[in-house]
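What follows is a single structure, written as structure tokens, with notes after it.
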Amino acid sequence: MLVSVIGLGVEGQKAVKSLMEHNYDIYASDFNKNINLELISNLPKTKNKLEIETGSHNLDKILDSNMVAVSPSLFNKSISKQVIENGNFISNILTKHKTIPTIAVTGTNGKTTTSRMIHYILKENGYNVLIGGNGGGGFEGYYDLLLKANEDKNYDYLIVEVCDMTLDFCKYVFDIDICVVTNIGYDHMDIHRSIKEYTNEVANFIENKTAILNSEDENTKNLEDTPSELLLFKKYKHHLNLFGSFNESNAAAASTVCKYLNIPEKNIIKSLSTFRPVKGRIRRFSIKRSNIVIGKTDNRDAIEAVLSEEYFETALIGTARKNETYRYQILDSVKKHDPETVVLFPGLDDITQEYKDYLDNLGYANDLFIIKDKEYLINFIKNHITQNKNIFIGGNGQEKITEINQILIDQYKEDIK
């Protein structure tokens, strides 16, 4: 059976990888001649065929395929509409996933933690749950989730973490029963253009659905007339092993979902009391007499939520990609909370000098360093630990931040509390 994959960005390459693992023959194409194919360049050899074309699409081959997977970024393009009209869009051929009660979790921040919390509670209460998506939660992508859901397994629930840039795609591909919106903030503004436009996109996503919304978020308040059924959450009041009031919001969202699914409240409280921080997300620990808070905080609302919790004398900030100038607003929050020392390191692209110039223009007048070498960065952190500083490590570059986290855990395992 031949499956075509249109678009070879990250999600498209993840689709190729998943389809290969499910023993499909694949034709994959992208208009970009120079696209980075790192995710699929070293796939193990199989008996299945893989043909890759860059610089063009063979539309005849695509429309003659048994099924077509379209990268979410191309979903609203004419080529995707042609596939849907042709009748071979993959989610219209494989449909078992649409029979599984489905919970979608979207929003600017908190998607991964909230999704994982819902999954954890349901699993702890005996349900067979499949989780995945593409909101930064470390999953293998939407198509991986779709393919697994269509296997000969009986899942009680499907949980989809929905990136805010793929709302239309997910609304079409999945038959969503419950929509959770954690919050609406200033991220991906190059795509959304404005908070109003982003809010309208979310409104379209939750229209005529059961929606669980954050009553303490100013922007989600504008959505309350949109769903067919509305449930609101505030802050979770019971014990959590997580840092920050923002995680109290995430836990409240997860708790509200599970109450709606008739999980007894005492069971929810018990499950959440043993839930641990998700890898790569904000966690807090103490080394000697220093408090470390570390995790991805890749937009201004995420970092503001952390820096508002307590004062950090030292802040280490990973940089974004070169074209993501809207993420410079992270530094407005850094300047506002005015740590004694700021260190800039390459999180994704090395735009440390641009970040330094931005902070200089804001008038940040305390110690400001650029450290590009990982070993020097770790030594800098160690030195500040000995000075009993509160240290924040965040910004962009989840992989690097996670690596720093693991190095600290390994080197200070006898001292961590």
Side-chain angles (χ1 to χ4, degrees), residues 1-58 61-62 65-75 79 90 94 112 130-151 160-161 163 165-166 169 173 278-281 296 298 318-324 345-350 372-375 396-407 410:
M1 181 180 282
L2 178 65
V3 182
S4 287
V5 176
I6 303 174
L8 286 170
V10 171
E11 184 68 19
Q13 291 185 58
K14 285 183 175 181
V16 169
K17 182 173 178 289
S18 297
L19 288 161
M20 290 290 286
E21 290 170 353
H22 285 78
N23 299 316
Y24 289 104
D25 294 328
I26 299 166
Y27 163 74
S29 60
D30 195 291
F31 264 140
N32 186 351
K33 239 180 188 176
N34 301 311
I35 193 160
N36 185 341
L37 299 176
E38 181 179 0
L39 291 178
I40 57 174
S41 59
N42 294 310
L43 287 177
K45 291 184 178 180
T46 69
K47 63 181 180 180
N48 301 97
K49 297 176 182 176
L50 172 59
E51 179 186 353
I52 296 175
E53 181 175 349
T54 58
S56 62
H57 299 296
N58 186 329
K61 183 173 284 192
I62 289 168
S65 299
N66 299 99
M67 298 189 295
V68 181
V70 179
S71 179
S73 62
L74 300 175
F75 181 71
I79 193 167
I90 190 169
L94 302 179
T112 297
L130 181 62
I131 185 171
N134 192 31
F139 305 117
E140 288 299 320
Y142 296 122
Y143 287 112
D144 185 71
L145 181 64
L146 183 153
L147 292 167
K148 287 178 179 176
N150 280 276
E151 293 174 343
V160 190
E161 182 179 340
C163 174
M165 297 183 291
T166 62
F169 172 86
V173 169
V278 178
K279 184 178 180 181
R281 296 309 185 267
K296 185 188 83 162
D298 60 359
T319 55
R321 294 182 181 88
K322 289 181 180 179
N323 62 325
E324 294 177 334
F345 65 93
L348 295 169
D349 292 338
D350 183 1
K372 300 183 182 184
D373 182 87
K374 182 176 66 178
E375 186 176 343
N396 286 260
Q398 181 177 338
E399 288 186 10
K400 290 188 179 179
I401 293 168
T402 302
E403 184 180 5
I404 293 167
N405 182 34
Q406 193 58 52
I407 291 170
D410 291 342

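Bear in mind that the values here come from a model prediction, so they are computed numbers and not experimental data.
Here CD1 of I90 is found 5.0 Å from CG of L147. Values are rounded to the nearest 0.5 Å. Distance CD/E51 to CD1/I26: 11.5 Å, rounded to 0.5 Å. The distance from the CE atom of M1 to the CG atom of N48 is 12.0 Å, given to the nearest 0.5 Å. With rounding to the nearest 0.5 angstrom, the CG atom of D298 is 12.5 Å from the OG1 atom of T319. The distance from atom CD of E11 to atom CG of D144, rounded to the nearest 0.5 Å, is 9.0 Å. Atom CG in L2 sits 4.0 Å away from atom OG in S65 (nearest 0.5 Å).
The shortest side-chain heavy-atom distance between I6 and I79 falls under the 4.5 Å cut-off. Side-chain contact between V5 and L19 is present, with at least one heavy-atom pair separated by less than 4.5 Å. You'll find the side chain of K17 stays beyond 4.5 Å of the side chain of L39, heavy atoms only. Residues M67 and L94 have side chains in contact (heavy-atom distance under 4.5 Å, counting atoms from C-beta outward). Taking 4.5 Å as the limit, some side-chain heavy atom of E403 sits within range of a side-chain heavy atom of K374.
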Chi angles and distances behind the side-chain contact (heavy atoms from CB on, under 4.5 Å) call for L37, L8: CA-CA 7 Å; L37 299 176; L8 286 170; 4.0 Å; yes
From CA spacing to verdict: side-chain contact (heavy atoms from CB on, under 4.5 Å), K296, N396: CA-CA 6 Å; K296 185 188 83 162; N396 286 260; over 6 Å; no
T402 and K279: CA distance, side-chain angles, deciding distance, side-chain contact (heavy atoms from CB on, under 4.5 Å) verdict: CA-CA 7 Å; T402 302; K279 184 178 180 181; 3.5 Å; yes
Verdict with reasoning, L50 to V16, per side-chain contact (heavy atoms from CB on, under 4.5 Å): CA-CA 9 Å; L50 172 59; V16 169; 4.0 Å; yes
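Under the 3.5 Å distance criterion, the side-chain polar atoms of K14 are matched with a main-chain donor or acceptor of F139. No side-chain donor-acceptor contact under 3.5 Å links T166 to the backbone of P72. Using modelled atom types, one side-chain atom of E324 and one backbone atom of R321 make a donor-acceptor pair closer than 3.5 Å. Between the side chain of K372 and the main chain of P346, no donor-acceptor pair closer than 3.5 Å is present. Of the possible donor and acceptor atoms, none in the side chain of S29 sits under 3.5 Å from a partner among the backbone N and O of T54. Under a 3.5 Å cut-off, the side chain of Q13 and the backbone N or O of N36 do form a donor-acceptor pair. In this structure a side-chain-to-backbone donor-acceptor pair under 3.5 Å is present from D349 to K322.
Contact between V70 and L74 at its shortest, heavy atoms only, is CG1-CB, 3.9 Å.
The environment of E151 atom CD is dense: over 12 non-hydrogen atoms of other residues, nucleotides or ligands sit within 6.0 angstrom. D410 CG: more than 12 foreign heavy atoms inside a 6.0 Å radius.
Listed by chain and number, the residues in a side-chain hydrogen bond (donor to acceptor under 3.5 Å, both in side chains) with S56 are E53 (sequence neighbours excluded).
Residue pairs meeting the ring pair (Phe, Tyr, Trp, His ring centres under 6.0 Å) criterion with at least one member in residues 7-32, sequence neighbours excluded: F31-H57.
Look at K148 and E140 and you find no salt bridge, because none of the NZ, NE, NH1 or NH2 atoms lies under 4.0 Å from a carboxylate O.
Using a 30° and 60° split on the angle between ring planes, Y142 and F169 fall in the tilted class, from 30° to 60°.
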